[in-house]
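Take a look at the structure below.
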There are 2 protein chains.
Amino acid sequence: MDIENTVSFLLAKISVAHRNLTENAAKAAGLHSGQAFVLVELWKEDGQRQIDLALKLGLSPPTVNKILGGLLENDFATRERYEDDARSTRIFLTRKGREVRADLEEQWKLLEERTLGGLTETEAILLHQLLTKLLVDLI
Amino acid sequence: MDIENTVSFLLAKISVAHRNLTENAAKAAGLHSGQAFVLVELWKEDGQRQIDLALKLGLSPPTVNKILGGLLENDFATRERYEDDARSTRIFLTRKGREVRADLEEQWKLLEERTLGGLTETEAILLHQLLTKLLVDLI
DNA sequence: TTTTATTTATTAGCCTGCTAATGATAAATT
DNA sequence: AATTTATCATTAGCAGGCTAATAAATAAAA
């Protein structure tokens, strides 16, 4: 078993390198990468409960909770008690949280170009298809 | 710019999911994932300096330093001063560090099967090629 | 030779992930 | 109705990453 010659090994290496790029992209928009992913989810549907965010993001509730701490602290979102269930809270975007979207999307475009820069168009499409399939399998 | 429809977004999602699987694989061999990657490097060449490990692994020196702390503490490796340069240290495998290899390789094989289980042989090969190219570009 | 610059390891502190454990609330069972 | 079980948010604590800052030693330059 040659560990280094596996897809798993490649994925691990790519993860670290790409995560650094992602962090830079988010930083250029005034965010951290984790905050960016939560915002993407809130842009799709505002006012979600933390547990639903965690489920949709594929993250643990404590992780989401921690990320939300940063978003609240930096005024990208607010937390309100859920009327129908006192255990839950709902997360709402602030104006700042809504307006950072354009900025992040621009930075994400640059990130994508950086990521795929060395591949041909055909390779990029193929990679996208394969990763989509891989993600479905991993979940 | 639809962030969710990018390779970068897919990579981020896959990273989290796959990292959890990797951690489990390492755990089954009595390791943490970071320790596994350092050991892979030491199995190729024993007695390396920390800075060289960091360079080859594509990690920052503090990260390697922290991971080594766990490896030393758990008796997988030892740290010795470098005779020719008092700034450096050399990391050597212990017997335990050498013997855990077979175990990790077995677990890694299972990890790889889990990772690629949903893909055909052709897709797996294609993915391996594309990821190899991607990694080279990202570094 | 003396000074300056570079390199190496390390520490501190942060973000992203996780699991385990708590407390509060809601739901289900008896 | 009372008890038990499940759910949700949160805290604590850990590993894997990072940058910035420090101390010590080497290398380079004056």
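The sequence lines fix the lettering, A, B, ..., with proteins before strands; numbering per chain opens at 1.
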**Request:** Please report, rounded to the nearest Å, how far the C1' atom of dC18(D) is from the CG atom of Leu21(A).
**Result:** 13 Å

**Message:** For the residue pair Gln50(B) / Thr89(B), report whether a side-chain donor-acceptor contact shorter than 3.5 Å exists.
**Reply:** yes

**Prompt:** Choosing from dA15(D), dC18(D), dG13(D), which nucleotide comes nearest the side chain of Lys66(A)?
**Reply:** dG13(D)

**Distance-only side-chain donor-acceptor flag, Gln107(A) / Lys27(A), under 3.5 Å** = no

**Message:** Quick check for you: among dT10(D), dT19(C), dA15(D), whose closest atom lies nearest to any side-chain atom of Ser60(A)?
**Reply:** dT19(C)

**Request:** Look only at the side chain of Thr6(A) and the backbone of Glu112(B), and say whether a donor-acceptor pair between them is shorter than 3.5 Å.
**Result:** no

**Message:** What is the separation between atom CG on Asp52(B) and atom C1' on dT8(C), rounded to the nearest whole Å?
**Reply:** 11 Å

**Asked** With a 4.0 Å cut-off on heavy atoms, is Ser88(B) in touch with a base, just the backbone sugar-phosphate, or nothing at all?
**Response** sugar-phosphate

**Message:** Any base atoms under 4.0 Å from Arg81(A), or only sugar-phosphate, or nothing? Heavy atoms, all strands.
**Reply:** nothing

**Request:** Could you tell me whether the phosphate oxygens of dC8(D), OP1 or OP2, come under 4.0 Å of any side-chain nitrogen or oxygen in Arg79(A)?
**Result:** no

**Prompt:** Is NZ or CZ of Lys56(B) both nearer than 6.0 Å to the six-membered ring centre of Phe37(B) and within 45° of the ring axis?
**Reply:** no

**Request:** Take atom NE2 of His18(B) and atom P of dG16(D), then tell me their distance rounded to the nearest Å.
**Result:** 16 Å

**Request:** Mind checking Gly69(B) for me? I need base, sugar-phosphate or nothing, with any heavy atom below 4.0 Å counting as a touch.
**Result:** nothing

**Asked** How close or far is atom P of dC15(C) from atom CG of Leu68(A), stated in whole angstroms?
**Response** 14 Å

**Item:** Arg19(B) vs Glu23(B), salt bridge (charged side-chain N to carboxylate O under 4.0 Å, His left out): CA-CA, chis, key distance, verdict
**Value:** CA-CA 6 Å; Arg19(B) 186 181 184 279; Glu23(B) 194 64 35; 5.1 Å; no

**Message:** Using the side-chain heavy atoms of Arg49(B), tell me which of these nucleotides is nearest: dT19(C), dG17(D), dA9(C).
**Reply:** dA9(C)

**Asked** How long is the line joining CZ of Arg19(B) and P of dG17(D), in whole Å?
**Response** 6 Å

**Asked** Please give, in whole Å, the distance from dA12(D) P to Asn65(A) CG?
**Response** 12 Å

**Most 5' of Thr89(A) and Asn20(A) on DNA chain D, judged by nearest nucleotide** = Thr89(A)

**Fill in**
DNA chain C nearest-nucleotide lookup for Leu59(A) and Ala86(A): closer to the 5′ end is Leu59(A)

**Request:** May I ask you to evaluate whether Gln50(B) reaches the phosphate of dT10(C), defined as a side-chain N or O under 4.0 Å from OP1 or OP2?
**Result:** yes

**Request:** Would you kindly give the CD-to-P distance between Glu23(B) and dG17(C), to the nearest whole Å?
**Result:** 14 Å

**Prompt:** Taking only side-chain nitrogens and oxygens of Thr63(A), does any of them come within less than 4.0 Å of OP1 or OP2 of dC18(C)?
**Reply:** yes

**Request:** Please report, rounded to the nearest Å, how far the C1' atom of dT7(D) is from the OH atom of Tyr82(A).
**Result:** 14 Å

**Message:** Quick check for you: among dT11(C), dA27(C), dT26(D), whose closest atom lies nearest to any side-chain atom of Arg87(B)?
**Reply:** dT26(D)

